[in-house]
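Contents: one structure, followed by commentary.
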Amino acid sequence: MDSEQLFALPDEQLLEIIESQDPTVFGESYTIDWGSSRGQGKRIGKMIVGAMSDISIRGKKKYYDLFAKLNLTDLERTEATGFKGIETVRYLKARAAGLDHDYAACFAYDGMKSLRTYNARIG
């Protein structure tokens, strides 16, 4: 369903469709190998300086990008990664339901009230 078809539905039905979506559908994991070398410090007088490698990341680390499969512009990605907690989940569910970035962001911030207000303003 596209955004127009979704907005033709009553609020309860639209909310049910959005809430039934899987928020991890656009996610993808990836691995970064940070290497295993330990840098050596340099002795200056009786002190060793520069050997801070004990606190750096080493080895292979796995990360998960929630927005990997979404075709987001740089600005949209910045906005989407700025969501906190439940806002991120609501945004991803709205995108999975078929809403575009702007509508999904409105839903993420304030739910159905904001979504309907935004649609009336631009519609």
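In this chain, numbering begins with 1 at the start of the sequence shown.
Proximity of the aromatic rings of Tyr109 and Phe83 is defined here by a centroid distance below 6.0 angstrom, and this criterion is met.
The distance from atom CZ of Phe26 to atom CG of Asp65, rounded to the nearest 0.5 Å, is 12.5 Å. With rounding to the nearest 0.5 Å, the separation of CG in Leu70 from CD in Glu76 is 9.0 Å. Considering OG1 of Thr24 and NZ of Lys69, their distance stands at 9.0 Å, rounded to 0.5 Å. In this structure, CG on Asp102 lies 5.5 Å from CG on Asp100, to the nearest 0.5 angstrom. For the atom pair CD1 (Ile18) and OH (Tyr103), the distance works out to 12.0 Å, reported to the nearest 0.5 Å. Atom NZ in Lys61 sits 11.5 Å away from atom CD1 in Ile32 (nearest 0.5 Å).
In terms of the side chain to side chain donor-acceptor pair (under 3.5 Å) criterion, Asp33 has no residue partners (sequence neighbours excluded).
At least one donor-acceptor pair closer than 3.5 Å links the side chain of Glu87 to the backbone N or O of Lys84. Listed for the Arg77 side chain is a donor-acceptor partner under 3.5 Å among the backbone atoms of Phe67.
Scanning all heavy atoms of the two residues, the minimum distance from Arg95 to Leu72 falls at NH1-CD2, 3.4 Å. In this structure, Ala96 and Gln21 approach most closely via the heavy-atom pair O-OE1, 3.5 Å. Leu9 and Ile17 make their closest contact through CD1-CD1, 3.4 Å (heavy atoms, listed as atom of the first residue, atom of the second, distance). Shown here for Tyr91 and Ala80, the closest heavy-atom pair between the two residues is CE2-CB, 3.9 Å.
Classified by interplanar angle (parallel below 30°, tilted 30° to 60°, perpendicular above 60°), the ring pair Tyr63/Trp34 is perpendicular.
Under a 4.5 Å side-chain heavy-atom cut-off, the cluster of Ile, Leu, Val, Met, Phe, Trp and Tyr residues that includes Ile86 is completed by Val89.
For Asp74, the CG atom counts as loosely surrounded, since its 6.0 Å shell holds 12 or fewer non-hydrogen atoms of other residues, nucleotides or ligands. Atom CD of Glu19 sits in a crowded spot, with more than 12 heavy atoms from other residues, nucleotides or ligands closer than 6.0 Å.
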